[in-house]
Amino acid sequence: METAICGRVPLSPNYFFSSKSADKHSLSKQWTHRTMLMAISAAAPGKGSGVLERPTIERTTPGRESEFDLRKSRKMSPPYRVLLHNDNYNKREYVVQVLMKVIPGMTLDNAVNIMQEAHYNGMSVVIICAQVDAEEHCMQLRGNGLLSSIEPASDGC
């Protein structure tokens, strides 16, 4: 409704039916102008104008958790470490590529550091996350030919 306020169109019925505006042409012109402004203000995207859509309510079937419940359980579940083990089969460049592909938000520098640590120490921590996510990352790493496992992050780090 900001457009109607900025356009300074009087919304009082006394204005339209007063003796000053008895001319039919001016009356229809004012009504057309008013409805045009109202149509523009109702259809214009912006703050507070238009009709709100009905919210969709996700209904869950018995035995199926909602997406909200899954996110909540992931946040509250104890953290797990995804471990990368050194192997003599995969090249270093390939390990870096797989880490960047499988782990969300993995940068080139982090992937190289993780690969180097696993190469020199025999094992490195890839990521600490919820158990469900840790199992998924571990399976994806294994699916790409890398040796990986998960363990509970007992001290939280």
Side-chain angles (χ1 to χ4, degrees), residues 1-11 29-157:
M1 296 289 176
E2 290 175 342
T3 310
I5 293 171
C6 294
R8 297 184 185 264
V9 174
L11 299 178
K29 193 174 189 181
Q30 289 171 352
W31 274 108
T32 306
H33 185 60
R34 179 177 177 225
T35 56
M36 183 64 153
L37 282 177
M38 296 303 286
I40 290 172
S41 66
K47 300 175 186 170
S49 65
V51 179
L52 295 176
E53 293 180 16
R54 176 171 283 220
T56 57
I57 299 173
E58 180 183 348
R59 304 215 186 269
T60 59
T61 57
R64 179 181 169 264
E65 296 182 56
S66 70
E67 184 65 29
F68 175 76
D69 293 336
L70 287 174
R71 279 187 270 139
K72 185 177 176 184
S73 68
R74 286 180 183 170
K75 288 181 181 177
M76 297 184 70
S77 64
Y80 274 73
R81 290 185 185 107
V82 178
L83 304 174
L84 177 68
H85 303 276
N86 186 35
D87 61 15
N88 295 327
Y89 307 110
N90 295 306
K91 293 187 177 188
R92 295 179 186 188
E93 294 83 12
Y94 177 72
V95 174
V96 170
Q97 286 177 348
V98 171
L99 286 171
M100 289 174 55
K101 180 175 78 171
V102 169
I103 307 299
M106 179 68 66
T107 63
L108 178 63
D109 293 337
N110 287 343
V112 169
N113 290 337
I114 291 168
M115 178 272 303
Q116 291 285 10
E117 185 179 346
H119 181 72
Y120 291 119
N121 299 333
M123 176 178 62
S124 69
V125 177
V126 177
I127 191 171
I128 298 174
C129 54
Q131 182 179 3
V132 175
D133 295 330
E135 289 171 351
E136 179 67 25
H137 295 319
C138 182
M139 293 306 295
Q140 288 179 348
L141 290 171
R142 288 180 182 177
N144 284 287
L146 303 182
L147 297 177
S148 66
S149 63
I150 64 169
E151 68 178 16
S154 58
D155 57 353
C157 292

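Position 1 is the first residue of the sequence; numbering continues from there.
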Please name all residues satisfying side-chain contact (heavy atoms from CB on, under 4.5 Å) with Tyr89, sequence neighbours left out, ordered by chain then number.
Asp87
Using distance only, find each side-chain donor-acceptor pair of residues 115-127 under 3.5 Å and give its atom names and separation, not counting sequence neighbours.
| from | atom 1 | to | atom 2 | distance (Å) |
| --- | --- | --- | --- | --- |
| His119 | NE2 | Arg92 | NH2 | 2.5 |
| Ser124 | OG | Ile114 | O | 3.0 |

Would Asn90 and Val98 count as a side chain to side chain contact (heavy atoms under 4.5 Å, CB included) if you check the C-alpha gap in whole Å, the side-chain angles of each, and the deciding distance to 0.1 Å?
CA-CA 11 Å; Asn90 295 306; Val98 171; over 6 Å; no
Would you compute the distance between atom CG of Asp133 and atom SG of Cys138 and round it to the nearest 0.5 angstrom?
12.5 Å
Could you work out, with side-chain hydrogen bond (donor to acceptor under 3.5 Å, both in side chains) as the rule, every residue matching Gln97, not counting sequence neighbours?
none
Taking side chain as C-beta onward, heavy atoms only, is Ser149 less than 4.5 Å from Arg142?
yes
Atom CD1 of Ile150 and atom CD of Gln131: how far apart are they, to the nearest 0.5 Å?
5.5 Å
Smallest separation among heavy atoms of Tyr80 and Ala134, with atom names
CB-CB, 3.8 Å
Side-chain donor-acceptor distances from residues 100-111 under 3.5 Å, at least two apart:
| from | atom 1 | to | atom 2 | distance (Å) |
| --- | --- | --- | --- | --- |
| Lys101 | NZ | Asn144 | OD1 | 3.0 |
| Thr107 | OG1 | Asn110 | N | 3.2 |
| Thr107 | OG1 | Asn110 | ND2 | 3.3 |

Pairwise distance CG(Leu99) to CG(Leu141) - rounded to 0.5 angstrom
6.0 Å
